[in-house]
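Since the structure comes first, as structure tokens, the remarks are kept for the end.
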Amino acid sequence: MLGEILENVRSKSPLIQNITNYVTANDCANITLACGASPTMSDGEEEAEEMGRLCDGLNINMGTLHPRSVKAMLLAGKSAGSCGHPIVLDPVGAGASTYRRKTAEQLLREIAFTAIRGNISEIKTIAGGGNSSKGVDADAADAVTDENLEKTITFAKDLSKKTGAVIAISGAIDIVTDKNHTYIIRNGNPVMAKITGCGCMLSSLAAAYLAANPDRRLEAVAAAVISMGLCGEKAFEKMESERRGSASCRNYLIDEVYHLTGSELERGAKYELR
């Protein structure tokens, strides 16, 4: 199933609109291309509605917010939604400021998201159950562990019921869930936290996987999360063997996404489905 989802991205090559942040826009574009999809990075309100209709999927990232980009997010989101296109929300740093929190609330009110992906602190903030954040990073006190796993799954399922979206919580243990079923994913490597934009890239990847597999929303997001984690593992191995650093690991990560095959994804996936 995972391999088929990946191969659908390669064969369909969906066009993905990324309204993302200037820190990671280039990486998001490159990983979208690497997985077999096609990116557009348009964030102008003047063409947002048109691009929302034209593209096969939309990724909205709150990393570097300003009023102009928020207008574009709302216009593109409503347009994409009216066409039935999948929409991903990445509520970067949602608890870091009042402006971010209020923007996330507005986006959730006015756009029907297909998936919401963030770290645990961001997801807690948009659920209204927390306001902890270390800038755009998760608060260590919120971390998902084996000890609080069941509680976190219940929380994420409840949020999925409330929003109608697939909820993806990224961390050392990844959780991807809808209101009924949950993927517990253990792929990845700690070095990924040292690379700016891994989460942003994952959201772009999820939008591409969803656009190519619209009838398998939960499985598509899970496949994207597993792909990213597996490629992170492979990138770390190459980095270590060549005694390179995190900047090289970032490039290796994109390379591994480019070379990833369906059979490799099936073999390397580390997950439990509940």
Just by distance, do the side chain of Arg100 and the backbone of Val92 share a donor-acceptor pair under 3.5 Å?
yes
For salt bridge (Lys or Arg N to Asp or Glu O under 4.0 Å), just list the numbers for Lys234 and Asp255, CA-CA rounded to whole Å, side-chain angles, deciding distance to a tenth of an Å, and then say yes or no.
CA-CA 10 Å; Lys234 292 175 175 288; Asp255 287 347; over 6 Å; no
Scan for side-chain hydrogen bond (donor to acceptor under 3.5 Å, both in side chains) pairs involving residues 199-212, sequence neighbours excluded, and state none if there are none.
Asn18-Ser204, Asn59-Ser204, Asp90-Ser203, Arg117-Ser203, Tyr209-Ser227
Could you tell me whether Arg68 and Asp43 have a side-chain N and a carboxylate O separated by less than 4.0 Å?
yes
Sequence neighbours left out, what pairs pass salt bridge (charged side-chain N to carboxylate O under 4.0 Å, His left out) with at least one residue falling in residues 74-89?
Lys78-Glu110
Could you check whether any side-chain heavy atom of Leu202 comes within less than 4.5 Å of a side-chain heavy atom of Ser170, counting everything from C-beta outward?
yes
Same apolar cluster: Val88 and Val225, side chain cutoff 4.5 Å:
yes
Can you find a heavy atom in the side chain of Thr154 that is under 4.5 Å from one in the side chain of Lys157?
no
Whether Glu122 side chain and Asn119 backbone form a donor-acceptor pair below 3.5 Å:
yes
How long is the gap from CD on Glu240 to CD on Glu237, to the nearest 0.5 Å?
9.5 Å
In the single-linkage hydrophobic clustering (I, L, V, M, F, W, Y; side-chain heavy atoms under 4.5 Å), do Ile126 and Val144 co-cluster?
yes
Between the side chain of Thr261 and the main-chain N/O of Glu264, is any donor-acceptor distance below 3.5 Å?
yes
Give every residue pair that meets the ring-ring contact (aromatic ring centres under 6.0 Å, His included) criterion with at least one member in residues 222-268, sequence neighbours excluded.
none
dist Cys200:SG -> Ile195:CD1 (nearest 0.5 Å) comes out at 12.5 Å
From Ile254 CD1 over to Leu33 CG, what is the distance, rounded to the nearest 0.5 angstrom?
10.0 Å
Does any part of the side chain of Asp158, heavy atoms only, come nearer than 4.5 Å to the side chain of Lys162, both counted from C-beta?
no
Is there a donor-acceptor contact under 3.5 Å from the side chain of Arg53 to the main chain of Cys83?
no
Would you say the side chain of Thr98 lies within less than 4.5 Å of the side chain of Lys102, judging by non-hydrogen atoms?
yes
Side chain to side chain contact (heavy atoms under 4.5 Å, CB included) against Asn26, all qualifying residues, sequence neighbours excluded
Asn30, Arg250
Inter- and intrachain pairs under salt bridge (charged side-chain N to carboxylate O under 4.0 Å, His left out), touching residues 212-223, at least two apart
Glu4-Arg216
State yes or no: do Leu58 and Met73 share one hydrophobic cluster built from I, L, V, M, F, W and Y residues joined by side-chain heavy-atom distances below 4.5 Å, directly or via other members?
yes
What closest approach, in Å, do Ser69 and Ile19 show between heavy atoms, and which atom pair accounts for it?
O-CG2, 4.4 Å
Partner of Ile169 under side-chain contact (heavy atoms from CB on, under 4.5 Å), picked from Thr152, Ile153, Asp174, Val176, is Thr152
Say whether Leu108 and Leu210 are linked into one hydrophobic cluster, either directly or through other cluster members, by side-chain heavy-atom distances under 4.5 angstrom.
no
Under the side chain to side chain contact (heavy atoms under 4.5 Å, CB included) test, which residues partner Asn187, sequence neighbours left out?
Ile185, Ile226, Leu230, Glu233, Lys270
If I compare all heavy atoms of Leu74 with all of Leu107, which pair ends up nearest, and what's the gap?
CD2-CD2, 3.8 Å
Test question: given the 4.5 Å side-chain rule for I, L, V, M, F, W and Y, name all other residues clustered with Tyr22, or answer none.
Val23
Neighbour count >12 (heavy atoms, 6.0 Å) for atom CD, Glu266:
yes
When you measure from the side chain of Gln17 to the backbone N and O of Cys55, does any donor-acceptor pair fall under 3.5 Å?
no
Shortest non-hydrogen separation from Cys231 to Leu260 and the atoms involved:
SG-CD2, 3.9 Å
For Ala206 versus Ala224, what's the shortest heavy-atom pair and its separation?
CA-CB, 3.7 Å
Decide yes or no for Gln106 and Val70: does some side-chain heavy atom of the first lie under 4.5 Å from some side-chain heavy atom of the second?
yes
Compare every heavy atom of Ile87 with every heavy atom of Ala112, then report the nearest pair and how far apart it is.
O-CD1, 4.0 Å
Would you say the side chain of Ile167 lies within less than 4.5 Å of the side chain of Ile175, judging by non-hydrogen atoms?
no
Using a 3.5 Å distance criterion without hydrogens, assess whether the side chain of Arg10 forms a donor-acceptor pair with backbone atoms of Cys35.
yes
Out of curiosity, does Val166 fall in the hydrophobic cluster containing Met201 (side-chain heavy atoms, cut-off under 4.5 Å, transitive links)?
yes
Just checking Lys179: does its NZ atom have more than 12 heavy atoms from other residues, nucleotides or ligands closer to it than 6.0 angstrom?
no
Just checking, is any N or O donor in the side chain of Thr24 or Asp27 under 3.5 Å from an acceptor N or O on the other one?
no
Calculate, to the nearest 0.5 Å, the distance between atoms OG and CG belonging to Ser160 and Leu218 respectively.
8.5 Å
With sequence neighbours excluded, residues passing ring pair (Phe, Tyr, Trp, His ring centres under 6.0 Å) with Tyr271
Tyr183
Qualifying residues under side chain to side chain contact (heavy atoms under 4.5 Å, CB included), relative to Thr145, sequence neighbours excluded
Glu147, Asn148
First locate atom CG of Asn213, then atom CD of Glu7, and finally report the distance between them rounded to the nearest 0.5 Å.
11.0 Å
As an exercise, state the distance from NZ of Lys12 to OG of Ser38, rounded to the nearest 0.5 Å.
16.0 Å
Could you pull out the closest heavy-atom pair between Ala29 and Met41, with the gap in Å?
CB-SD, 3.8 Å
ring-ring contact (aromatic ring centres under 6.0 Å, His included) partners of residues 77-127, not counting sequence neighbours, each pair once:
none
Can you confirm whether Leu253 sits close enough to Met228 that some side-chain heavy atom of one is under 4.5 Å from a side-chain heavy atom of the other?
yes
Kindly say whether Ala94 contributes a backbone atom to a donor-acceptor pair with the side chain of Thr125 at under 3.5 angstrom?
no
With sequence neighbours excluded, tell me which residues meet side chain to side chain contact (heavy atoms under 4.5 Å, CB included) with Lys71.
Glu45
Determine yes or no for a side-chain-to-main-chain donor-acceptor pair under 3.5 angstrom, with Thr32 supplying the side chain and Cys28 the backbone.
yes
Would you say the side chains of Thr40 and Ser42 form a donor-acceptor pair under 3.5 Å?
no
Suppose clustering is done on Ile, Leu, Val, Met, Phe, Trp and Tyr with side-chain heavy atoms closer than 4.5 Å. Which residues sit in the same group as Leu54?
Leu15, Met51
